[in-house]
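In what follows, a single structure is set out as structure tokens and then discussed.
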Amino acid sequence: MTTARSVSEFSTGLRSDRPSVAIVGAGVVGLGIGWRLAAAGCRVEIFDKGEAGRGASHAAAGMLAAGVEVEPGEEGQLPLNRHSQDLWPGFAEELQAASGIDVELRTEGTLVVALNADDVARLRFNFDLQKSLGLGHEWLTGAEVKRREPYLHAGTAAAILSPRDHQVDNRKVALALRTAFERAGGRLHEHVPVEEILVEGGRAAGVLAAGGEAHRADVTVLAAGAWSRTVPGLPDDARPPVRPVKGQMAALRMDPREPLLRHVVWTPGVYLVPRRDGRLVIGATVEERGFDTDLTAGGVMSLLEGAWRALPGVEELPIDELWVGFRPGSRDDAPILGPSALDGLVLATGHHRNGILLTPVTADAVSDHILTGRTADVIRPFGIDRFVKRAAPGRPQSGKEPR
Ligand code: GLY
């Protein structure tokens with residue numbers, strides 16, 4: 001069944017020269033793209049199988065960690081991560097103006113601490129890599145670290161300070177994006193799973209929502225995070241190779257007037273993210289267990305033990321929350337952005353550990369692609385075409401499904 005939606009149901013700022021857009025997934029990525037497009041005069045509908053912003057956007061820690069998350073072999077993603085990190089202050093300001101919500105961008109930076117001689121050796125190796133990449137990190141002695149964070153373990157031996165790796169409250173980001181999107185005239189369908197991406201005449205044509213209602217659109221965006229591969233209706237070569245990477249997380253309650261930490265702190269095994277309201281977010285396990293939602297004794301124990309080793313005072317703190325989330329991990333752990341093998345289908349998924357960090361660049365570059373047809377240089381290396389199996393010279397190609 002097809003239902004024609006009257007234009008008057010949507011924003012009064014609609015422009016007839018703009019494409020209509022259906023977005024699958026109302027996390028920060030889908031909402032960010034939707035906000036930009038609705039503000040530009042597009043008719044935009046976003047569909048989510050649950051509540052908006054309650055998937056990885058809710059589970060995340062909100063670190064904008066372009067510097068400390070860089071690992072040997074993943075340097076290729078650094079320009080994208082840095083670019084988005086630089087967009088964050090302006091993005092947060094614009095989002096607050098559009099939504100009235102402060103997303104609590106905190107700018108103390110991140111400390112990666114070493115608690116013993118082994119940690120120091122590892123940290124030195126990482127510091128040398130980071131120096132070669134021009135990240136501007138600083139080496140701090142144990143005494144210098146303790147001056148900045150006096151509640152860290154007395155034996156803290158050294159740290160790297162990453163002065164540009166800040167944090168936002170990701171749950172507020174999701175709420176602000178939802179508000180901004182709706183204020184711009186976008187239409188949100190929550191608890192409405194997409195039964196199928198419609199394909200007509202060889203191109204994506206919108207979505208068939210739960211209940212059999214077709215919502216036709218000129219452009220369809222797949223932004224369903226860890227669930228992106230499971231959305232029905234896509235030909236194999238347009239289906240992004242994304243899997244769930246489980247993370248268990250915990251939050252403790254500090255006294256907001258006298259918090260135990262001010263910087264984001266990474267320590268062997270865990271990271272600690274202090275919020276303005278006194279919450280101390282502790283993350284995260286990295287597990288290949290599909291969509292297993294169980295909290296485990298071992299997982300929670302490793303988080304609390306790791307936190308306690310670095311910050312002994314956590315022992316006294318009440319537990320505020322324990323939860324599980326699913327990072328959308330692609331085959332090379334980098335995002336999948338831009339056009340796909342199916343005309344009219346645009347991909348914005350696979351953000352893995354960096355969904356909050358990459359929200360501004362994804363919103364800007366993907367919306368710009370939809371409005372202009374251009375693919376910004378900064379996202380060009382992250383197309384799905386990088387996974388397509390190439391035939392050996394002189395041999396026929398047997399399959400085109402992204403590997
Ligand atoms: N970016 C932190 C995490 O994925 O756990």
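In each ligand, atom 1 is the first atom listed, and ligand 1 is the first ligand listed.
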| Within the distance-only criterion (no hydrogens, no angle test), does the side chain of Arg148 pair as donor or acceptor with the backbone N or O of Arg262 below 3.5 angstrom? | no

Which pairs of N or O atoms, one from ligand 1 and one from the protein, are separated by less than 3.5 Å, and what is the distance for each pair?
unit_1, atom_1, unit_2, atom_2, d
ligand 1, 1 (N), Glu69, OE2, 2.9
ligand 1, 1 (N), Arg353, O, 2.8
ligand 1, 4 (O), Arg327, NE, 2.7
ligand 1, 5 (O), Tyr271, OH, 2.6
ligand 1, 5 (O), Arg327, NE, 3.4
ligand 1, 5 (O), Arg327, NH2, 2.8

| field | Donor-acceptor pair, side chain of Ser330 and main chain of Gly350, under 3.5 angstrom | value | no

| message | Working note: Gln130 + His137, criterion side chain to side chain donor-acceptor pair (under 3.5 Å); need CA distance, chi angles, decisive distance, verdict. | response | CA-CA 7 Å; Gln130 291 159 1; His137 291 179; 2.8 Å; yes

| request: Report yes or no: is the cationic atom of Arg124 (NZ for Lys, CZ for Arg) closer than 6.0 Å to the six-membered ring centre of Trp139, at no more than 45° off its axis? | output: yes

| message | Check this for me, if you would: do Asp385 and Arg380 make a salt bridge, where the nitrogen-to-carboxylate-oxygen distance has to be below 4.0 angstrom? | response | no

| task | Tell me whether the guanidinium CZ or amine NZ of Arg239 lies under 6.0 angstrom from the six-membered ring centre of Trp227 and within 45° of its axis. | result | no

